[in-house]
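Order of the sequence lines fixes the chain letters, A, B, ..., with proteins taken first and strands second; residue numbering starts at 1 for each chain. Note that the coordinates shown come from a computational prediction; the quantities given were computed from them, not determined experimentally.
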2 protein chains.
Amino acid sequence: MSAAAVSFAVNDRPGVSPETRERILAAARELGWRPSASARALTEARTRAIGLVLARDAAQLDVDAFFVRFLSGIGRALSAADYALLLQLVPEGAAAALPAYERLAAAGRVDGFLLTDVEVDDPRFAVLEAAGVPVLLAGRPVGECPFAWVETRHEEGMAGPVAHLARLGHTRVCFFGGRADFEHVQVRRERWRNAVDDAGVEEGVAVHAADDEMAEAARVLLTSEPTAVVCGSDVLAVALVRAARERGLDVPGDLSVTGFDDSPLAALSGLTSVRVDYAEFGEAAAGALLAELGVAEAPAFEPSAPELVLRASTAPPPSRG
Amino acid sequence: MSAAAVSFAVNDRPGVSPETRERILAAARELGWRPSASARALTEARTRAIGLVLARDAAQLDVDAFFVRFLSGIGRALSAADYALLLQLVPEGAAAALPAYERLAAAGRVDGFLLTDVEVDDPRFAVLEAAGVPVLLAGRPVGECPFAWVETRHEEGMAGPVAHLARLGHTRVCFFGGRADFEHVQVRRERWRNAVDDAGVEEGVAVHAADDEMAEAARVLLTSEPTAVVCGSDVLAVALVRAARERGLDVPGDLSVTGFDDSPLAALSGLTSVRVDYAEFGEAAAGALLAELGVAEAPAFEPSAPELVLRASTAPPPSRG
DNA sequence: TCTCTCCCCTGAAGCGCTTCAGGATTGCTA
DNA sequence: TAGCAATCCTGAAGCGCTTCAGGGGAGAGA
């Protein structure tokens, strides 16, 4: 039972007889022995860990249905391959994150990175390409991108609420979205426009708002006297509902509102929303990265279709007075 | 410039002249060289990483103000010491988490663990004590516990809303909390009782509800015709507000409701709530663990007092009809 | 001038694995 | 029975650091 034999046995490699292998594994089990991750990392030149750097303020994260579901999906993929996740939260802004990537990469702490919140001309691309670390994007890159990516079918989710509102009898549907410089916001707005055309209803106004401008933007949106608004997130929808109530409007009596993400917030607030499976997305992204690392099979990612979840925030339009 | 000299220079240890040190560091900077984390881990017998295993369902996490703020606090403490966070999400239930702890500990992937969501007779204590890994609890243990812990002053936060409601003229204040077998829920309930006494108002009913029973429990609570309810979380408060509205009650006209945590949910819903600084808590917990690892000074944790955040869900009681 | 001390620096060992070349054993064929 | 291949196992090297013992040079005291 030399060290080499143990290594073969533990790593399920040929070179030991079945009996010896079993004897070794039994001994290991009995002693509670496991190969030292550090020693393996040194000899194998890989750490069995992937990195995720989040550059968002806590306030933004903790209302976000995406983040945690995505994380739990990552967890599923990683634990199957006995990989670990190195998570680093840094203050908002991709620029602040660059040193974090650089450090983790240069010290060889991770075998690869998962990138989310991809921006236009993302500065991380150059840094990470130069570092020569495997990278996988969770989300569609804008413009040139040296890395592979996976994406959900979230944009398709805009069709459901619009069609639903049209069926209820609404003839004009507005859009309320987040910051226009996010790719996913742009795409959703585009899909809203298509859906409005397809449904044969009138295209209402489209309003964008950053997190700290939601209330004001909602009030502006309401001046156009909409009867139906599809929102790009549940948070926006809740802000809109609140603004409507303050204006004396009944939801859904006077105004129908739909959210997006189907976060717990939507369930709590009785919001019709669109459910996108972000856990599945995280699993696919981590799986694809592992495949790139040669650790797992490339998973065939068939993103499931977004699902419209009906609740109490949508109803037929008010009858004309 | 032998390897040994480089090691001394990089680790800021005596044994090299200032000039040589500077020359080495300059060369390292120029080459973009950093010591390999794996090699260091092997020789130093520490990984410069701590572990956090979360055994919660995603659905519970992503509405939870605690988790993400706590994480960002951990991040602050760790990055100062150049430590990393190994995060693992496992399905709900502490039992499912045990193998995860065991694996990380046996493989020596982390230098210590941070424990949250501490339960009565927590099975993790025995496993981790046997493993001989440094551990620090974020939260107050119930009963015997071999590890050090830090805690916030969250319970004090119950006094604020009760006193506020009393000042507004309410004469009876109810309590609506989460599962009674959580330590923090118990403590908050106790403090509500004290606060009610102190304020000289009547102690209303106390109702507990798990996440999937909130709506029903809220309806039950409302049968006692309360005018004021303090809740143990924002989520509960929102559920209560919703149930009240369905019953035709106006909040805050007919019923005053306060939340807890001051999550984004509270801001969105205009909920009077109690803000506890969980980021500070995370930083203190991680800092204390690092101190136990001999990596940092033991931080003097002075938890800040919870702060009552007034919003539109509280008002004087309805005048008697 | 010689010795002693102190300060810088280097050589070599070793952390716990993986890997590769090669030794020992067995079973088979000629 | 000799010869060969296949199989199982072991010894030793090496991954990139840290650490420790010790070599050398310079300055100080005798």
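Taking a cutoff of 4.0 Å between a charged side-chain nitrogen and a carboxylate oxygen, B:R34 and A:E102 qualify as a salt bridge. Salt-bridge check for A:R153 with A:E302: failed, with every basic side-chain N at 4.0 Å or more from each acidic carboxylate O. Between A:D12 and A:R21 there is a salt bridge, since at least one side-chain N of the basic residue sits less than 4.0 Å from a carboxylate O of the acidic one.
Taking the 5' to 3' direction, DNA chain C first and last meets chain A under 4.0 angstrom from a heavy atom at C:dG16 to C:dC20.
The side-chain contact (heavy atoms from CB on, under 4.5 Å) with B:D111 is formed by just one residue from the set B:L293, B:V295, B:L86, B:L289; it is B:L293.
When heavy atoms are screened at a 4.0 angstrom cut-off, B:T20 is found touching the sugar-phosphate backbone but no base atom. Across all strands, A:R13 comes closer than 4.0 Å only to sugar-phosphate atoms, never to a base (heavy-atom distances). Within the 4.0 angstrom heavy-atom criterion, only backbone atoms of the sugar-phosphate kind lie near B:S36; the bases stay farther away. Residue B:S17 is classed as a sugar-phosphate contact, given heavy-atom separations below 4.0 Å to backbone atoms only.
The ring of A:Y278 has its center no closer than 6.0 angstrom to the ring center of A:F70.
Each of B:T43 and B:A4 was assigned the nucleotide of DNA chain C with the nearest heavy atom; the assignment lying further toward the 5' end belongs to B:A4.
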Would you sort out whether A:R103 and B:D82 count as a salt bridge (Lys or Arg N to Asp or Glu O under 4.0 Å), showing the intermediate values? CA-CA 10 Å; A:R103 268 164 42 180; B:D82 195 29; 3.3 Å; yes

